[in-house]
Amino acid sequence: MKRLAQVMFWASSLLLVFVVLRPAVLASVDDAQSFALQAAEPYVKQGFQVREDYWGGDLGSGEKKAVRQQLFKGNEYWFWLGTEADRAKVSVHVYDSDGKLAEEPDGWEKGHFAAAHVVPKATGSYFIIVSVEKSPEERTHWALVYGFR
Amino acid sequence: MIPFTKHLKLSVGILCGLALCANGAQAPQRINIKQLSTTVEDVVVPLPNEIFGALNKLGAVNWKEHVRSDKGSNFTERPRIALLLGTVIADGFIAVQAEDAEAVKEIGQRVLALAKGIGVGNSITPHAKAIIESADKRNWEHVRQELDRTQNSVQQAMNEVHDEKLSQLVSLGGWLRGTEVLTSLVKEHFSADGAELLHQPDLLSYFQTRLQAMPEFNLPIIHEIQDALVEVKPLIDVGDRHIPPDSVKKVNDITTRLDHGIVTRD
């Protein structure tokens, strides 16, 4: 009987930890997405359609992630990266399938926001390299959204 | 005493440094793609209107010819409903291109019915309502946005109940219908730039991989799509070469056949 009580105690403690921590982890990626969308806002007025779908995750300081994306010649794209970590510094750059830098020179990085602008010279796969340059957090949540016109 | 030219050089150097800080460190001009071992697996599948937008820039397109708003068949198998739902959402984007309000409204209702059929109707209801209202007001930009939100909400709702495979079938249905219309338009008025929009070999490989991981969906239409993608791959995976008119026609024949299979009962 005592053993059953112990098992019940540990099971409910684990459930409590899961219930409390899980929304916190999810909320961070959601927050990062909100920042990425905030960075995209001024571009919507310029006619860019921002996709609802997005990429997200977490990275350690100095770590990179590559995302492969199909882009179409004739369209113009902006990729916006955001993180909720205030003092983090993030970057985003775009390369073509040969590994050549494919972005326009007007991309920017401002603290926990970054953006890259692409006018594809050819239709095909491109690599978007997301990086957490530095961050006070052990793991920094990030989200990448894109828009086109 | 520092001479003026040294002052000037120093100031220019500091200004350049500050400019670099504001724009961040310079990205390398070239990277080794083969060394990228941390690629995110899931690609974001382009919306049909992303391709249609690029096509529009090549010249006037008669979108009205491609509008389809008939109710089609009703299915009970969830994978079939998911494929059809993706196709119908793509039809919504075509109707927006054609600025056909009646078709958009019918498609909005159809999307809602199909979403209910796979148990995600609740998350779609506000979007379907918004699509219909925006179509009434001829607010095409908002209809486009709501169609994107619809697809996203359907897929999120499916992912939440671990139906990721059905979610992928929604994307696949949309991609196939988009490719059918793209090839049909390029076939009618061929241009190398139009045909180049078909150059999507990685996206095709992505769908092939996803379909291989769905052995439980043992349906003739799924097998038909798997076989068809094998046929399509060499036609669009041409590297730096142009995609010829004959290949565009072949891809159109294949995707038209698949679309017929998706929308009609066996």
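Quick note on labels: first sequence line is chain A, next is B, and so on, each numbered from 1.
With sequence neighbours left out, B:W140 forms a ring-ring contact (aromatic ring centres under 6.0 Å, His included) with no residue at all.
Taking each heavy atom of B:A27 and A:L101 in turn, the nearest pair found is CB-CD1, 4.0 Å.
Counting heavy-atom pairs under 4.5 Å between each of A:S91, A:G74, A:G99 and chain B puts A:G99 at the top. The candidate with the highest count of non-hydrogen atom pairs below 4.5 Å against chain B, out of A:K73, A:E63, A:E76, is A:K73.
Counting heavy atoms of neighbouring residues, nucleotides and ligands inside a 6.0 Å radius, atom NZ of B:K129 does not exceed 12 of them. The environment of CG in B:N139 is crowded: more than 12 heavy-atom neighbours from other residues, nucleotides or ligands sit within 6.0 Å. Other residues, nucleotides and ligands contribute more than 12 heavy atoms inside 6.0 Å of the NZ atom of B:K57. For CD of A:Q46, the number of neighbouring non-hydrogen atoms (other residues, nucleotides, ligands) closer than 6.0 Å is greater than 12. Summarising the local packing, CG of A:D106 is surrounded by more than 12 heavy atoms from other residues, nucleotides or ligands at distances under 6.0 Å. No more than 12 heavy atoms of other residues, nucleotides or ligands sit less than 6.0 Å from atom NZ of B:K249.
One finds the CD1 atom of B:I33 at 8.5 Å from the OH atom of A:Y95 (value rounded to the nearest 0.5 Å). How far CG of B:L147 is from CD of A:E52: 11.0 Å, rounded to the nearest 0.5 Å. The structure places CZ of A:F72 at 10.5 Å from CG of B:L55, a figure rounded to the nearest 0.5 Å. Here the OG1 atom belonging to A:T123 is positioned 8.0 Å from the CG atom belonging to B:D193, to the nearest 0.5 angstrom. Taken from CZ in A:F148 to CG in B:N49, the straight-line distance is 4.0 Å, to the nearest 0.5 Å. Taken from OG in A:S125 to NE2 in B:H199, the straight-line distance is 8.0 Å, to the nearest 0.5 Å.
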Criterion side-chain contact (heavy atoms from CB on, under 4.5 Å) on A:K100 and B:I31, from CA distance to verdict:
CA-CA 7 Å; A:K100 200 174 152 206; B:I31 58 168; over 6 Å; no
CA sep, side-chain torsions, deciding dist, call: A:Y54, B:V44, side-chain contact (heavy atoms from CB on, under 4.5 Å):
CA-CA 7 Å; A:Y54 69 98; B:V44 170; over 6 Å; no
Mind running side-chain contact (heavy atoms from CB on, under 4.5 Å) on A:Q70 and B:V45 for me, showing each step along the way?
CA-CA 8 Å; A:Q70 170 77 39; B:V45 177; over 6 Å; no
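Heavy atoms of A:V50 lying under 4.5 Å from chain B belong exclusively to its backbone. Interface residue A:S97: only backbone heavy atoms are found under 4.5 Å from chain B. In this structure, no portion of A:A102 lies under 4.5 Å from any heavy atom of chain B. Contact of B:E141 with chain A is made through the side chain alone, with heavy-atom distances under 4.5 Å. Proximity to chain B (any heavy atom under 4.5 Å) is restricted, for A:I129, to the side chain, taken from C-beta onward. Neither the backbone nor the side chain of B:N32 comes within contact range of chain A; no heavy atom of the residue lies under 4.5 Å from a heavy atom of that chain.
Among A:R51, A:R149, A:Q49, the one residue that satisfies the side-chain contact (heavy atoms from CB on, under 4.5 Å) test with B:E50 is A:R51. For the side-chain contact (heavy atoms from CB on, under 4.5 Å) test with A:D53, the passing option among B:N152, B:D148, B:L47 is B:N152; the others fail.
Remark: side-chain polar atoms of B:R30 are paired, donor with acceptor, to backbone N or O of A:D98 under 3.5 angstrom.
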